[in-house]
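Predicted model, so just to flag it, every value in this text is computed and none were measured.
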There are 2 protein chains.
Amino acid sequence: MTKASGRRSRRPTMVDVAREAGVALSTVSRVVNADPTVGAEFARRVQTAIDTLGYRPDEQAQQLRRGTSRTIGVAVREMSARNPLMAEFERGAYASGLTVFAASTADDEERERAVVLSMARRGFDGVLVEPIGPDHSYLAPEMAAGLAVVAIDRPIAGPATDAVLADNAAGIRMAYRQLADHGHTSIAYIGDHERIFTARERADAFRACLRADGRPVTGMVHPGETEQARISEALRAVLSTESPATALVCGNVTTTFGVLTHLAAEVPRDRRPALVGFDDFPLAGLLDPPMTVIAQDSPAMAHAALELMTARLAEPERGPEWVTVPVRLVARGSGERAPVR
Amino acid sequence: MTKASGRRSRRPTMVDVAREAGVALSTVSRVVNADPTVGAEFARRVQTAIDTLGYRPDEQAQQLRRGTSRTIGVAVREMSARNPLMAEFERGAYASGLTVFAASTADDEERERAVVLSMARRGFDGVLVEPIGPDHSYLAPEMAAGLAVVAIDRPIAGPATDAVLADNAAGIRMAYRQLADHGHTSIAYIGDHERIFTARERADAFRACLRADGRPVTGMVHPGETEQARISEALRAVLSTESPATALVCGNVTTTFGVLTHLAAEVPRDRRPALVGFDDFPLAGLLDPPMTVIAQDSPAMAHAALELMTARLAEPERGPEWVTVPVRLVARGSGERAPVR
DNA sequence: ATGCTTTGAGAAAACGTTATTTTCGCGTTA
DNA sequence: TAACGCGAAAATAACGTTTTCTCAAAGCAT
């Protein structure tokens with residue numbers, strides 16, 4: 001209360017505490033960090049000074065001095081979208097005493113770079129990133145300087161990092177198998193653009209399924225932008241041939257929604273194809289028919305990511321590791337319908 | 001390359017650049033900050049040194065020194081859940097040259113405190129917070145020290161802050177009116193627990209609607225936990241009286257999902273009540289019947305929040321301001337069904 | 001008593017910046 | 001020619017911590 005004459009009160013600092021308690025600055029630091037070499041009487045005096053002043057250490061200065069922040073950043077395409085993985089990861093990290101801050105890359109390569117670099121230059125110890133573009137060489141110097149990088153959902157092109165991936169190929173095979181087992185012989189795939197790693201893996205796996213079954217590939221695989229117009233177009237192409245597809249595999253949730261929207265609007269209920277979607281979503285069970293999906297194991301993926309992250313933080317020189325997490329089929333009805341016609 | 005003998009390379013710092021360019025530390029700083037008083041030749045030399053070394057300023061040290069970070073934090077209940085508001089806010093902030101980092105409070109009061117305090121002590125300039133508990137007095141010293149606080153979705157109890165709220169009461173009135181206009185005379189409400197501000201506002205508004213219509217309130221308003229069991233119980237109570245409700249207003253998305261789940265499992269299609277839900281959600285239009293909802297204007301709310309935030313950053317002493325954003329009714333079918341029986 | 005370790009606190013240097021002050025070279029003016 | 005002013009670079013002092021070093025006092029054995 002001595003010199004704070006201005007309206008705006010400054011945050012109390014260690015120096016203030018030291019003055020209040022009548023001890024040296026370094027003694028305050030030792031008390032704050034529970035250094036056992038500080039005497040009981042001194043500790044008490046400092047503690048009361050801390051309490052009366054409402055002192056809180058400045059984490060920024062701490063980190064600058066310590067060179068570590070116990071903070072890890074999450075750079076993900078969309079924070080806002082349903083992203084159970086991030087929630088799981090955050091929970092786990094919190095339990096390990098790590099702070100997690102997230103920022104979204106908005107599916108923009110340049111933005112990802114800016115976000116991740118900003119995290120690195122703020123002293124974040126690690127970054128969990130859902131990589132966007134084909135070039136991640138900007139990460140190399142940061143990693144050399146000690147930034148722990150774990151890729152999620154897709155691997156990072158360029159420097160070798162840890163990665164957690166879903167078993168996309170197995171998921172597609174399960175979807176295909178389920179439809180084939182229910183009598184479908186003409187199965188088509190509609191998915192995301194193949195510039196995206198997961199979309200590429202899934203489309204490739206689907207083509208492999210067709211080939212393994214001795215069925216024609218041409219005209220049955222439709223990757224592309226996830227806009228309604230493109231999806232509707234693909235659907236029309238697939239459903240209006242002389243021997244139309246009786247079943248569909250959707251490559252991701254956006255595609256699934258687009259397909260459902262199109263079918264609801266333009267295809268009579270009793271002529272709709274059987275459907276299996278990649279990725280589960282809320283309400284999937286309340287649709288008519290309930291939606292059969294390939295569900296990713298978000299908790300397991302988050303757990304794996306956290307494991308990799310903490311392992312790398314502890315031992316920065318370890319070799320990069322990839323973890324592939326199994327997926328599972330959730331049969332709800334849409335994928336178990338018999339072929340129409 | 002002179003002394004970096006260890007495997008792990010240090011990030012280059014201003015001192016390194018200064019040494020490389022053969023100038024003083026402060027000259028490097030001036031070049032980095034585009035100070036016009038630096039000579040062309042010096043600027044060039046420093047710039048090449050920066051490029052060859054790959055120097056990037058340490059934002060942490062910058063912020064410590066500058067006392068400002070142009071960073072604002074978002075503390076929201078669930079980052080992972082669909083939260084279009086946050087996405088909008090982030091986009092706008094990015095356009096204004098602000099960095100946004102988000103952390104989730106997991107609906108836990110203590111966690112909120114930890115997260116927000118951590119943001120403050122890291123030098124974040126502002127915090128957008130979706131407040132949890134009844135006591136936010138911990139914010140007072142931070143605000144006194146200059147932290148800009150904007151509450152979203154609910155006001156903050158304790159220190160007076162800016163806030164952006166949805167017009168909950170008007171939304172409930174629109175929902176009630178829509179159902180009444182379609183012939184319903186027995187309308188019930190199921191919603192979230194009234195410890196939550198929005199739930200309280202909505203339940204209160206619904207009671208007011210009943211009273212204004214001269215209808216009994218008892219037994220028609222069911223706020224509570226959003227667990228399936230509680231919701232099912234409320235539904236049974238409301239639907240199994242001698243004059244059962246023919247229409248329902250759901251107080252939030254979770255409740256809506258719970259109600260839909262219960263109805264799908266236990267009530268034959270032709271005996272289901274009309275439904276209006278608070279908050280829109282994806283796939284609402286693909287349900288059977290398509291779901292009528294009260295939709296919040298997330299972009300408008302995000303925009304308002306950003307306005308308040310920037311205004312406060314610019315002028316910390318301005319009076320707190322509350323902005324109420326209108327909602328709108330999206331009629332899709334479920335709220336326009338005539339009463340059964 | 002003397003010397004030697006131990007304990008515990010203070011002083012000061014660092015972390016990587018930016019802001020302020022000092023210094024210096026040089027052209028201008030009296 | 002000396003004083004002056006000015007532009008531009010160098011030096012230095014912060015920002016709020018942690019950590020290393022120093023050093024006085026106390027404890028203990030000889």
Looking at [Y] and [X], is there a salt bridge between them, counting it only when a charged N and a carboxylate O are closer than 4.0 Å?
{"X": "A:Arg56", "Y": "A:Glu59", "value": "no"}
{"X": "B:Asp58", "Y": "A:Arg121", "value": "no"}
{"X": "A:Glu112", "Y": "A:Arg77", "value": "no"}
{"X": "B:Arg11", "Y": "B:Asp16", "value": "no"}

Which parts of [range] get close to DNA chain C, meaning a heavy atom less than 4.0 angstrom away?
{"range": "residues 115-126 of chain A", "answer": "none"}
{"range": "residues 56-63 of chain B", "answer": "B:Arg56, B:Pro57, B:Asp58, B:Ala61, B:Gln62"}
{"range": "residues 36-45 of chain A", "answer": "A:Thr37, A:Val38, A:Gly39, A:Phe42"}

Spacing of A:Arg66 atom CZ relative to D:dG16 atom P, expressed in whole Å
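Whole-Å distance recorded here is 17 Å.
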In whole angstroms, the gap separating P of D:dA13 from CG of B:Leu64 amounts to 18 Å
Mind checking side chain to side chain contact (heavy atoms under 4.5 Å, CB included) for B:Ser69 and listing every partner two or more places apart, or none if nothing turns up?
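Partners of B:Ser69 by the side chain to side chain contact (heavy atoms under 4.5 Å, CB included) criterion, ordered by chain and then number, come out as B:Gln63, B:Thr71, B:Asp125.
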Considering residues at least two apart in sequence or located in another chain, which fulfil the side chain to side chain contact (heavy atoms under 4.5 Å, CB included) criterion with B:Arg91?
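Here the qualifying residues are B:Glu88.
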Which heavy atom in [X] sits nearest to a heavy atom in [Y], and how many Å separate them?
{"X": "B:Arg70", "Y": "B:Ser96", "answer": "NH2-O, 3.3 Å"}
{"X": "B:Val31", "Y": "B:Ala43", "answer": "CG2-CA, 4.0 Å"}
{"X": "A:Pro57", "Y": "A:Val32", "answer": "CG-CG1, 4.4 Å"}

Please determine whether any donor N or O and acceptor N or O are separated by less than 3.5 Å between the side chain of A:Arg65 and the base of D:dT18.
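Indeed there is one.
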Find out whether [X] and [Y] are in side-chain contact, i.e. whether some heavy atom of one side chain is under 4.5 Å from a heavy atom of the other.
{"X": "A:Val76", "Y": "A:Thr105", "result": "no"}
{"X": "A:Asp153", "Y": "A:Val164", "result": "no"}
{"X": "B:Val74", "Y": "B:Val100", "result": "yes"}
{"X": "A:Ile72", "Y": "A:Phe124", "result": "no"}
{"X": "A:Leu165", "Y": "A:Val325", "result": "no"}
{"X": "B:Ser29", "Y": "B:Leu25", "result": "no"}
{"X": "B:Thr161", "Y": "B:Pro320", "result": "no"}

Approximate separation, where rounding is to 0.5 Å, of [X] [atom1] and [Y] [atom2]:
{"X": "A:Gln60", "Y": "B:Gln60", "atom1": "CD", "atom2": "CD", "result": "6.0 Å"}
{"X": "A:Thr310", "Y": "A:Leu98", "atom1": "OG1", "atom2": "CG", "result": "8.0 Å"}
{"X": "A:Glu110", "Y": "A:Ile132", "atom1": "CD", "atom2": "CD1", "result": "12.0 Å"}
{"X": "B:Asp162", "Y": "B:Arg312", "atom1": "CG", "atom2": "CZ", "result": "4.0 Å"}

A:Asp297: side-chain hydrogen bond (donor to acceptor under 3.5 Å, both in side chains) partners, not counting sequence neighbours:
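For A:Asp297, no residue satisfies side-chain hydrogen bond (donor to acceptor under 3.5 Å, both in side chains) once neighbours in sequence are set aside.
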With the criterion being N/O to N/O and under 3.5 Å, what pairs connect the protein with nucleotides 4-6 of chain D, and how long is each?
none

Using a cutoff of under 3.5 Å, can you pull out all pairs of nitrogen or oxygen atoms linking the protein to nucleotides 23-28 of chain D, with atom names and distances?
none

Taking any heavy-atom pair under 4.0 Å as a contact, classify B:Val15: base, sugar-phosphate, or nothing.
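Result for B:Val15 = nothing.
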Overall bend - the helix from C:dA1-D:dT30 to C:dA30-D:dT1, comparing terminal axes fitted on five pairs, nearest 10 degrees
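The end axes of the helix from C:dA1-D:dT30 to C:dA30-D:dT1 are about 70° apart, to the nearest 10°.
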Any donor-acceptor N or O pair under 3.5 Å, side chains B:Glu78, B:Ser104
no
Solution key, residues 298-309 of chain A side-chain donor-acceptor pairs under 3.5 Å, sequence neighbours excluded:
none

Heavy atoms within less than 4.0 Å of DNA chain D: which residues of residues 24-35 of chain B have one? Give them sorted by number.
B:Ala24, B:Ser26, B:Thr27, B:Arg30
Between which nucleotides of DNA chain C, read 5' to 3', does contact with chain A run, using atoms under 4.0 Å from its heavy atoms?
C:dG8 to C:dG16
